[in-house]
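Notes follow the structure.
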Amino acid sequence: MRAVRASLVFVVLLLAVTACAGGGQPVDLANVTSVTQPSPVNVEENPAASATSAKPAPTCDPRASLRPDGPLPPEGQMRVGSTMKAIQDRGQLIAGVDQNTFLFGFRNPSTGALEGFDIDRVREIAKAIFGDPNKVQYKVVTSAGRLDALEKGEVDVVVRTFTANCERWQRINFSATYYVAGQRLLVDSTSSATSLDQLGGKKVCAAKGSTSITTIRENPAKLVPVQVDNWTDCLIMLQQGQVSAVSTDDTILAGMVAQDPNVKMVGDRFTEEPYGIGIPKKNTDMVRFVNAVLERSISSGAWLDSYNRWLGNTGGQATPPQPVYQN
Ligand code: GLU
């Protein structure tokens, strides 16, 4: 009796399923139109301009840093009383970096280690202080968190695709320029857009606190700026069709292109972004030290090796920038 009832239930269920299936068509089990697409945390559409970007930008030469004061001291023997001696005594350099930007600062998925062109610069500084490039405590900072981390003394340096500009020079120091990037546009491979001007009324994504979001906001075509915490959030929003484009440094966009064959970088550079290493305002001795480290990296060929390793396929400039000093 129980067996008969069970097979009856089975037949009824089978009938119900085939009836719904409508002659072999796929079954639509959920009403997908009611599902809201997930979006990254802290995403903001049309954010208000930050208080600082409302003020007129001060004028300066953003690339002009402080000249090294003589040759570097021997590794592990920093001068008494210097910022570098305090770091040596602490046992680790504290570096603010990114972990989300492929080619510059990202986690190697198989080892978990941070790697990239910016990470190479951090390791050179640690090597010059300790004789050991591994004596680093990395702190992940967002684009928006870079200035605060330096002002609060939470990090010794920020090496994170950081454009030296006059507004930022008001709050921190920068090393000499170690790479010059430029802002460009990233779109879906099916898009016909080639410039920001063609995207009036459309959503364009960039990281909060970046020079890129300001450029997007100020574009006369009246784009809809969408700001997020991390650059990878922009890539995901583009992949999901939640924004029409991402716009930032060609270096960062090159990392996205390398990860996703369905996106393309288009149009020319429309800004200049000279990258400097951020250092707290009071630590001028460290600025001179870091500039000596950069000079040595360039003259020894280490800069070029690092460039070839990370940026060789990006179509960038394989020549290191000439250092510029204020004095
Ligand atoms: N170079 C630009 C900046 O410093 C964009 C890169 C970034 O936000 O990491 O704001």
Side-chain angles (χ1 to χ4, degrees), residues 40 42-44 47 49-50 52-53 57 60 62-63 65 95-107 114 116-119 121-122 138-151 155 157-186 196 204-219 225-235 237 243 245-257 265 269-279 310-311 314 316-317 321:
N42 295 336
V43 57
E44 269 181 279
S50 71
T52 46
S53 65
C60 73
R63 298 185 194 214
S65 186
V97 298
D98 197 357
Q99 62 173 356
N100 290 296
T101 296
F102 185 49
L103 306 177
F104 274 81
F106 68 99
R107 284 198 188 274
L114 285 158
F117 190 70
D118 278 342
I119 304 299
R121 307 286 78 72
V122 175
Y138 290 103
K139 283 199 176 171
V140 172
V141 289
T142 60
S143 295
R146 293 174 293 193
L147 292 167
D148 269 1
L150 287 163
E151 282 185 323
V155 292
V157 287
V158 165
V159 192
R160 197 194 170 287
T161 57
F162 204 1
T163 299
N165 65 25
C166 300
E167 209 175 297
R168 291 173 176 168
W169 263 106
Q170 307 264 90
R171 296 173 59 184
I172 60 158
N173 285 317
F174 282 101
S175 72
T177 305
Y178 65 91
Y179 191 78
V180 183
Q183 188 165 347
R184 287 183 67 190
L185 191 63
L186 186 85
L196 278 184
V204 183
C205 186
K208 184 177 181 176
S210 64
T211 51
S212 327
I213 195 79
T214 307
T215 308
I216 294 167
R217 191 188 298 112
E218 290 172 354
N219 188 290
V226 173
Q227 73 180 18
V228 290
D229 284 341
N230 295 300
W231 288 111
T232 34
D233 295 335
C234 278
L235 178 60
M237 290 191 85
V243 294
V246 180
S247 182
T248 183
D249 304 347
D250 47 4
T251 43
I252 298 174
L253 298 181
M256 296 185 190
V257 170
M265 207 190 319
R269 282 180 167 192
F270 45 87
T271 67
E272 261 199 4
E273 311 287 333
Y275 288 171
I277 294 169
I279 297 166
W310 301 113
L311 309 177
T314 62
Q317 271 278 350

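Counting starts at 1 for both ligands and their atoms, following the listed order.
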Have a look at F104 and tell me which of I252, I119, D98, T251 forms a side chain to side chain contact (heavy atoms under 4.5 Å, CB included) with it.
T251

Would you say the side-chain atoms of R146 pair up with the backbone N or O of R160, donor to acceptor, closer than 3.5 Å?
yes

Of all the heavy-atom pairs spanning M256 and W231, show the shortest one and how long it is.
CE-O, 3.3 Å

In this structure, is the centre-to-centre distance between the rings of W310 and F106 below 6.0 Å?
yes

Do the side chain of R121 and the main chain of F117 share a donor and acceptor less than 3.5 angstrom apart?
yes

Between the side chain of S247 and the main-chain N/O of R184, is any donor-acceptor distance below 3.5 Å?
yes

Which protein residues have a heavy atom under 4.0 Å from ligand 1?
S143, R146, R160, T161, F162, T163, R168, S210, T211, S212, W231, T248, D249, I252, Y275

